[in-house]
Amino acid sequence: MKDFLEVDDLSPDELASVLARATDRNPPRVLAGRGVALIFEKPSNRTRNATEMAVVQLGGHPISINGAEIGIGSRETVEDVARTLAGYHAVIGARVFEHATLERMAAATDVPIVNLLSDTAHPLQALADLLTLREHFGHLEGLTLAWVGDGNNVCASLVRGAALVGASVRIATPPGYELPEGALDGLARDLDLRVSHDPAEAVAGVDAVITDVWASMGQEDEATARREAFSGFTVDQHLMDGAGAGAVFLHCLPAHRGEEVTAEVLEGPASLVWAEATNRMHVARALLWQLVAGWAI
């Protein structure tokens with residue numbers, strides 16, 4: 001595996017290796033004297049801090065680049081940007097509007113390309129979710145996860161990650177907001193997946209309830225319509241009470257209290273969101289370590 005554009009670019013064994021290495025707080029300095037380019041077409045809080053610190057912890061030098069600085073596809077072609085940065089850096093990470101941008105970068109250079117977020121996938125978030133669940137439950141296989149809300153990029157990567165580790169998934173979205181057709185094509189493994197439009201049905205007896213904002217970046221003009229469509233999809237304490245005993249709550253953040261989740265749940269004892277946010281750094285470090293140094297552990 002050279003590039004990491006979606007979570008199931010990893011094999012099950014490679015994913016297990018990433019999660020194992022993510023727990024190592026004293027990694028080797030495999031990026032000593034080397035740079036990692038981090039392109040951000042979209043603003044970032046957790047992803048930028050997580051990946052910059054991951055590079056530093058591996059002894060490397062992160063350079064974060066605003067998309068407007070290089071003008072991907074306008075000032076320079078995607079391929080020219082990738083080839084240029086590949087001459088300076090050991091890895092290129094990119095948070096982009098269109099997944100096709102990552103695919104073009106990957107085709108243009110032999111330097112590993114890492115998806116920091118695209119319109120179809122958020123694989124580092126899926127890794128952080130899986131690490132958080134494994135730390136809490138001690139295992140991943142056999143867990144049942146419920147996604148409540150928009151069938152978006154975060155949902156798609158989570159489902160693909162669940163398939164790799166043998167977890168089951170229940171998805172509840174409003175009508176018209178399901179995962180796009182083809183979003184789960186080519187799953188690495190068979191998956192126990194149930195899809196409905198009923199949040200209570202989706203969360204019944206599950207181990208974890210997971211959500212995201214109703215209107216993501218670039219969808220601000222849809223916010224009002226989405227609030228109406230997502231009425232009844234707020235993760236509140238009543239919904240959490242319908243989940244399994246000891247169920248936890250995850251959210252990739254930022255959170256809109258009172259919309260997709262109540263403050264009571266977000267700040268409550270079942271919430272693992274702050275550990276989940278920190279784990280983005282740990283999985284980024286582990287992934288970069290393995291991309292640079294190899295997969296044996």
Side-chain angles (χ1 to χ4, degrees), residues 3-7 9 35-55 62-82 84-85 89 91-106 108 111-129 147 149-158 160-161 177 179-180 183 210-223 225-226 250-256 259-260 273 276-281 283-284 287-288:
D3 303 304
F4 183 69
L5 306 189
E6 181 51 292
V7 66
D9 284 336
V36 174
L38 303 169
I39 301 169
F40 292 94
E41 288 190 317
K42 288 187 172 185
S44 171
N45 178 11
R46 279 153 296 280
T47 300
R48 178 173 176 180
N49 280 277
T51 51
E52 284 193 0
M53 287 307 303
V55 174
I63 296 182
S64 290
I65 307 165
N66 185 292
E69 293 180 69
I70 48 180
I72 297 178
S74 56
R75 183 170 176 267
E76 294 191 65
T77 69
V78 172
E79 290 77 11
D80 287 355
V81 168
T84 299
L85 293 177
H89 298 283
V91 180
I92 300 170
R95 184 178 175 94
V96 298
F97 287 103
E98 297 181 359
H99 194 80
T101 299
L102 295 165
E103 293 173 337
R104 290 173 62 185
M105 294 177 75
V111 168
I113 305 298
V114 175
N115 181 359
L116 305 182
L117 178 142
S118 71
D119 56 339
T120 65
H122 199 352
L124 275 181
Q125 182 61 51
L127 292 182
D129 293 349
W147 177 272
D150 191 21
N152 62 12
N153 53 350
V154 181
C155 177
S157 290
L158 177 70
R160 289 182 175 275
Y177 293 91
L179 280 169
I210 308 167
T211 192
D212 191 6
V213 295
W214 291 342
S216 299
M217 283 183 289
Q219 298 173 332
E220 289 80 5
D221 59 342
E222 303 175 27
R226 282 173 171 265
L250 298 180
H251 191 309
C252 62
L253 301 176
H256 297 161
E259 290 190 9
E260 76 276 4
V273 298
E276 178 187 11
T278 302
N279 278 340
R280 188 93 67 83
M281 174 180 68
V283 295
L287 179 72
L288 291 170

Exercise for the section: Only one of Lys42, Glu6, His99 passes side chain to side chain donor-acceptor pair (under 3.5 Å) with Ser118; say which it is. Expected result: His99
Exercise for the section: Verify the neighbour count for atom CD of Glu98: are there more than 12 heavy atoms of other residues, nucleotides or ligands below 6.0 Å? Expected result: no
Handout entry: Contact check, side chains of Leu124 and Thr51, non-hydrogen atoms, under 4.5 Å
Key = yes
Exercise for the section: Evaluate the side-chain proximity of Asp9 to Asn115: yes if any heavy-atom separation is below 4.5 Å, no if none is. Expected result: no
Fill in the blank from the handout: The single option from Ile63, Leu38, Thr84 that satisfies side-chain contact (heavy atoms from CB on, under 4.5 Å) with His89 is Ile63
Fill in the blank from the handout: side-chain contact (heavy atoms from CB on, under 4.5 Å) test vs Leu5 passes for just one of Val114, Thr120, Ile113, namely Ile113
Problem - Contact check, side chains of Ile39 and Ile92, non-hydrogen atoms, under 4.5 Å - result: yes
Practice task
Answer yes if the side chains of Gln125 and Ser157 hold a donor-acceptor pair under 3.5 Å, and no otherwise.
Solution key: no
Problem - side chain to side chain contact (heavy atoms under 4.5 Å, CB included) against Ala156, all qualifying residues, sequence neighbours excluded - result: Leu179
Problem - Residues forming a side chain to side chain contact (heavy atoms under 4.5 Å, CB included) with Ala50, sequence neighbours excluded - result: Arg280, Met281
Practice task
Go through the structure and list residues passing side chain to side chain contact (heavy atoms under 4.5 Å, CB included) with Val273, not counting sequence neighbours.
Solution key: Phe249, His251, Leu266, Ser271, Glu276
Problem - Student check: side-chain heavy atoms of Asn152 and Trp147 closer than 4.5 Å - result: yes
Problem - Residue of the set Val55, Val36, Leu287 for which side-chain contact (heavy atoms from CB on, under 4.5 Å) holds with Val91 - result: Val36
Practice task
Check Leu85 against Ala37 and note the closest heavy-atom contact, atom names and distance.
Solution key: CD1-CB, 4.1 Å
Handout entry: Heavy-atom side-chain proximity of Asp150 to Asp212 below 4.5 angstrom
Key = no
